[in-house]
2 protein chains.
Amino acid sequence: MRAADKVLPEATLGRLTLYLRVLDSLAAEGTETVSSEVLAEASGVNSAILRKDLSLLGTFGRRGVGYEVGVLAGFISGTLGLDRDWRVAIVGAGNLGRALAGYGGFRGNGFRLVALLDQSPELIGRRFADLDVRDAGELETLLPADAVNMAVLAVPGAAAQALCERVVAAGVRNILNFAPVVLQVPPGVQVRKVDMARELQILAYHAGHAGQGGPPGP
Amino acid sequence: MRAADKVLPEATLGRLTLYLRVLDSLAAEGTETVSSEVLAEASGVNSAILRKDLSLLGTFGRRGVGYEVGVLAGFISGTLGLDRDWRVAIVGAGNLGRALAGYGGFRGNGFRLVALLDQSPELIGRRFADLDVRDAGELETLLPADAVNMAVLAVPGAAAQALCERVVAAGVRNILNFAPVVLQVPPGVQVRKVDMARELQILAYHAGHAGQGGPPGP
DNA sequence: CATTGTGAATAAGTTCACAGCC
DNA sequence: GGCTGTGAACTTATTCACAATG
């Protein structure tokens, strides 16, 4: 059975993914237990908040000892829903789409890349990351046929909203958007956004305020 | 002279970048004034918070009318520090690094891509996005020579921490990390992270709780 | 009179600090 | 003794609602 099904705060959710990654690498190097202090440090957060986050999922720490790496990783993974079968399509096989297709982040986490679409005749039929690029014009039939339940939009900003609507019409309710636009979607469809320009801008602001922006003097 | 130099809340900062993007596209289509309601809608936020955000920068709305698109865009841009000369190096010229190099997000926002580095002999010397790939082994001399003040890490997770340290040693204090690891950096160095796996995981969680994860039934 | 700017109310998130347990 | 789990204090962020104003 699944853990307490109360909804987790957004902030907690973001951190759970960090913990999970650290736990996976601890497991890979054979560590069996870890304290909140150590796990928090490696995740770049305060240990009190880590304990609070984990306490929302249930109680599996042992006082005086810490958490069992494997058990905790499995539990976070299950809580996030990574034990389900996530079938991902990447829409847009340009530079970015192809780079994402080749990215290992899918593997071993419940995500399977099952389709790569583009509208350009020059790309359709070419093969990347074990997948043939297929015609985005047939998205409405291709996505349901492959039982896609998550779409990654890696298309130019100008094309994003229209493609998003078609993806939604094809029954996909979970979208990760790499295009630099705010997508408008109907209720019930979730969008998350990855935005390099935004991150650079925030970095620029902080650089101008906290540290020096330029390289150090002599 | 620069606006009120009080430090902006992190949440506001994130939204300013959204407003800026919407304002730029409004300007491109010739719109001259915009109300908080319209701008908020297009940015996907509540209008009250937009007004509160803008009021932190100063007072430039006109009651009964709205905001001047050009003036507001210029002001946000200046506040974020985009009128400075940001010299960006991409470290790692694999699929992702090359895709980022080709990405238009740099142009016209104060960011200039000035170097592309990799350690692989097969890539060094090849040319992408108007730049020759140069030897990451010489990072310590190349970055200062190009007056780089922002680095984008597009390398495998296993290499990221070591490269990060070298980049910092070369005097760069602003880092955008695409590698799936939490970087440990000394105080005064800022890191922001872009993490596709994390976004997919958060999407997975919400899909399992709010909507359906799979495609709709017949 | 439409729309801003903002005080006051509410909600969300973080940190502290320590009792409770292994 | 060491470490978790958590109530209470605090900080940050969002929303409401309306007086002020061009």
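Only a predicted model underlies this, so the values are computations on that prediction, with no experimental measurement involved.
One interatomic measurement links the two molecules: CD of A:Glu37 to P of D:dT4, which rounds to 8 Å at whole-angstrom precision. For A:Leu72 and D:dT4, the CG to P distance is 11 Å, given to the nearest whole Å. Atom pair A:Glu68:CD and D:dT4:P shows a separation of 13 Å (rounding to whole Å applied). Per the geometry, CG belonging to B:Leu56 stands 11 Å off P belonging to D:dT14, to the nearest Å. Between B:Glu10 atom CD and D:dT12 atom C1' there is a gap of 12 Å when expressed in whole angstrom units. Residue A:Asp53 contributes atom CG, which lies 14 Å from atom C1' of D:dT4 at whole-angstrom precision.
A donor-acceptor pair is defined here as one N or O able to donate and one able to accept, closer than 3.5 Å; such a pair exists between the side chain of A:Asp118 and the backbone of A:Ala93. Using modelled atom types, one side-chain atom of A:Thr79 and one backbone atom of A:Phe75 make a donor-acceptor pair closer than 3.5 Å. A side-chain donor-acceptor contact under 3.5 Å links B:Ser43 to the backbone of B:Leu39. The closest donor-acceptor contact from the side chain of A:Gln190 to the backbone of B:Leu203 lies under 3.5 Å. Under a 3.5 Å cut-off, the side chain of B:Trp86 and the backbone N or O of A:Leu200 do not form any donor-acceptor pair. For B:Asn174 (side chain) and B:Asn149 (main-chain N/O), a donor-acceptor pair under 3.5 Å exists by modelled atom type.
Contact check of residues 26-35 of chain B against DNA chain C (heavy atom, cut-off under 4.0 Å) returns B:Ser35.
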Test log, rule side chain to side chain contact (heavy atoms under 4.5 Å, CB included), inputs B:Tyr19 and B:Leu50 = CA-CA 9 Å; B:Tyr19 307 153; B:Leu50 180 143; 3.7 Å; yes
Please step through salt bridge (charged side-chain N to carboxylate O under 4.0 Å, His left out) for the pair A:Arg87 and A:Asp146, ending with a clear verdict.
-> CA-CA 8 Å; A:Arg87 302 175 64 85; A:Asp146 282 326; 5.0 Å; no
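Among pairs with a residue in residues 184-199 of chain B, those fulfilling salt bridge (Lys or Arg N to Asp or Glu O under 4.0 Å) read A:Arg21-B:Asp195, A:Arg192-B:Glu199, A:Glu199-B:Arg192, B:Glu10-B:Arg192, B:Lys193-B:Asp195, at least two apart in sequence or across chains. Under the salt bridge (Lys or Arg N to Asp or Glu O under 4.0 Å) criterion, the residue pairs touching residues 47-63 of chain B are B:Arg15-B:Asp53, with sequence neighbours excluded.
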Show me the donor-acceptor pairs within less than 3.5 Å that the side chains of residues 151-170 of chain B make with the rest of the protein, sequence neighbours left out.
{"unit_1": "B:Gln161", "atom_1": "OE1", "unit_2": "B:Gln184", "atom_2": "N", "d": "2.9"}
{"unit_1": "B:Gln161", "atom_1": "NE2", "unit_2": "B:Glu165", "atom_2": "OE2", "d": "2.8"}
{"unit_1": "B:Gln161", "atom_1": "NE2", "unit_2": "B:Gln184", "atom_2": "O", "d": "2.9"}
{"unit_1": "B:Arg166", "atom_1": "NE", "unit_2": "B:Glu140", "atom_2": "OE2", "d": "2.8"}
{"unit_1": "B:Arg166", "atom_1": "NH2", "unit_2": "B:Ala136", "atom_2": "O", "d": "2.9"}
{"unit_1": "B:Arg166", "atom_1": "NH2", "unit_2": "B:Gly137", "atom_2": "O", "d": "3.2"}
{"unit_1": "B:Arg166", "atom_1": "NH2", "unit_2": "B:Glu140", "atom_2": "OE1", "d": "2.9"}

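Across all strands, B:Gly64 comes closer than 4.0 Å to base atoms (heavy-atom distances).
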Give me the distances for all protein-to-nucleotides 5-9 of chain D N/O pairs that come in under 3.5 Å?
{"unit_1": "D:dG5", "atom_1": "OP1", "unit_2": "A:Gly61", "atom_2": "N", "d": "3.0"}
{"unit_1": "D:dG5", "atom_1": "OP2", "unit_2": "A:Tyr67", "atom_2": "OH", "d": "2.7"}
{"unit_1": "D:dG5", "atom_1": "O4'", "unit_2": "A:Arg63", "atom_2": "NH2", "d": "3.1"}
{"unit_1": "D:dG5", "atom_1": "N7", "unit_2": "A:Arg51", "atom_2": "NE", "d": "2.8"}
{"unit_1": "D:dG5", "atom_1": "O6", "unit_2": "A:Arg51", "atom_2": "NE", "d": "3.4"}
{"unit_1": "D:dG5", "atom_1": "O6", "unit_2": "A:Arg51", "atom_2": "NH2", "d": "2.9"}
{"unit_1": "D:dG7", "atom_1": "O6", "unit_2": "A:Lys52", "atom_2": "NZ", "d": "3.0"}
{"unit_1": "D:dA8", "atom_1": "N6", "unit_2": "A:Lys52", "atom_2": "NZ", "d": "3.2"}

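Bracketed by its first and final contacts, the part of DNA chain C lying under 4.0 Å from non-hydrogen atoms of chain B reaches from C:dA2 to C:dA8 in 5' to 3' order.
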